[in-house]
Amino acid sequence: MGYHYLTASISGLVFGLGLTVSQMVNPAKVLAFLDVTGAWDPSLALVMAGALGTLSLVRAVFRRTAPAALAQTLPKQTGIDGRLILGAGLFGIGWGLSGFCPGPALASISYGKGEATIFLAALFVGFIVFDRVFPSRGGDV
Amino acid sequence: MENFTPYSALIGGVLIGLAGGILLLFNRRNAGISGIASGVLLFKGGDVGWRLCFLAGLIAAPLLYRWLGGNSAIAVESAPIKMALAGVLVGFGTRLGGGCTSGHGVCGLARGSLRSLVATLTFMVVAALTVYWVRHG
């Protein structure tokens, strides 16, 4: 099972390089993407397009070669409910206020910005508060 | 559109997609960062190690990029108190909604999940409205 640690590390590293190269790690760049009526910078739409296209391709190959294994990766929750909308809405407010979503917030630690560290600490406070309010709902997407 | 950087954005996106593919193929996991990071706090036996490895790679990446000679800088525009509020909202909201930009916006959409499409449209529109309210409201 040891290789799982190696592949998880490589995946995290490649993910972080993607955030760095695309500048998604930079909150100012993200806010410029979200500011559609201002000096709009559509770059991050291409980040999503590149990521979606690539992952869809990998999934298509995976589906042909090992459909049973791919089925193991399906999430438990599939419904659309108030929690999904409210959660996504609260996340959207926080994303718009800061320019940070969880990945870039973590990847930004090494830049040594105090505000980024504050965001990251608050992010984990938010995780902990959620687990206190809904102790049974932990887990992955 | 003077700051439009299509090539680096596309290359970065492909890397993120590849990273998601690696985790899916070898670890049978979705690369949703809010799920991976918050799972570290749950301390389920045997389930924390791969998460810490992934996060270590994620955090090391910008260091490696700059060490290799790449140029990368970030600018934070919001005041500390706003960043603190935003962090709590993002942490709580992504858990309640079951994912963030990566989990719903990349992994979920690549799977063709309607749930993830609804979540992605919701946080995109709300984030754009929030920026509008802060900058032009």
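Each chain gets a letter, A, B and so on, in the order its sequence line appears, and its residues count up from 1. Note that these values count all heavy atoms, side chains included, but never hydrogens, waters or copies made by symmetry. Model, not experiment: these values are computed from the prediction.
For chain A, the nearby part of B:Leu55 is the side chain; its heavy atoms alone come within less than 4.5 Å. Of the two parts of A:Phe33, only the side chain, counted from C-beta on, holds a non-hydrogen atom closer than 4.5 Å to a non-hydrogen atom of chain B. Using a 4.5 Å cut-off between heavy atoms, A:Leu17 contacts chain B through both its backbone and its side chain. With a threshold of 4.5 angstrom between heavy atoms, B:Phe26 approaches chain A through its backbone and through its side chain. The parts of B:Arg28 that come within reach of chain A are both its backbone and its side chain, each placing non-hydrogen atoms under 4.5 angstrom from that chain. Using a 4.5 Å cut-off between heavy atoms, B:Leu85 contacts chain A through its side chain alone, with no backbone atom that close. The contact between B:Ala37 and chain A is made by backbone and side chain atoms together, counting heavy-atom distances below 4.5 Å. Heavy atoms of B:Leu114 lying under 4.5 Å from chain A belong to its backbone as well as its side chain.
Ranking B:Ser78, B:Gly93, B:Ser102 against chain A, the residue ahead of the rest is B:Gly93, based on heavy-atom pairs under 4.5 Å. Considering only heavy-atom pairs separated by less than 4.5 Å from chain A, the leading option among B:Pro80, B:Gly21, B:Ala75, B:Gly105 is B:Ala75. For the set A:Ile118, A:Leu120, A:Val125, the entry with the most heavy-atom pairs within less than 4.5 Å of chain B is A:Ile118. Comparing B:Leu64, B:Leu24, B:Thr122, B:Val118 by how many heavy-atom pairs each has under 4.5 Å with chain A, the most go to B:Leu24.
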Derivation of the side chain to side chain donor-acceptor pair (under 3.5 Å) call for A:Thr20 and B:Ser72 | CA-CA 7 Å; A:Thr20 311; B:Ser72 179; 5.4 Å; no

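The residue from B:Val126, B:Val131, B:Leu129, B:Val134 that alone fulfils the side-chain contact (heavy atoms from CB on, under 4.5 Å) condition with A:Leu34 is B:Val131.
Using a 30° and 60° split on the angle between ring planes, A:Phe100 and A:Phe119 fall in the tilted class, from 30° to 60°.
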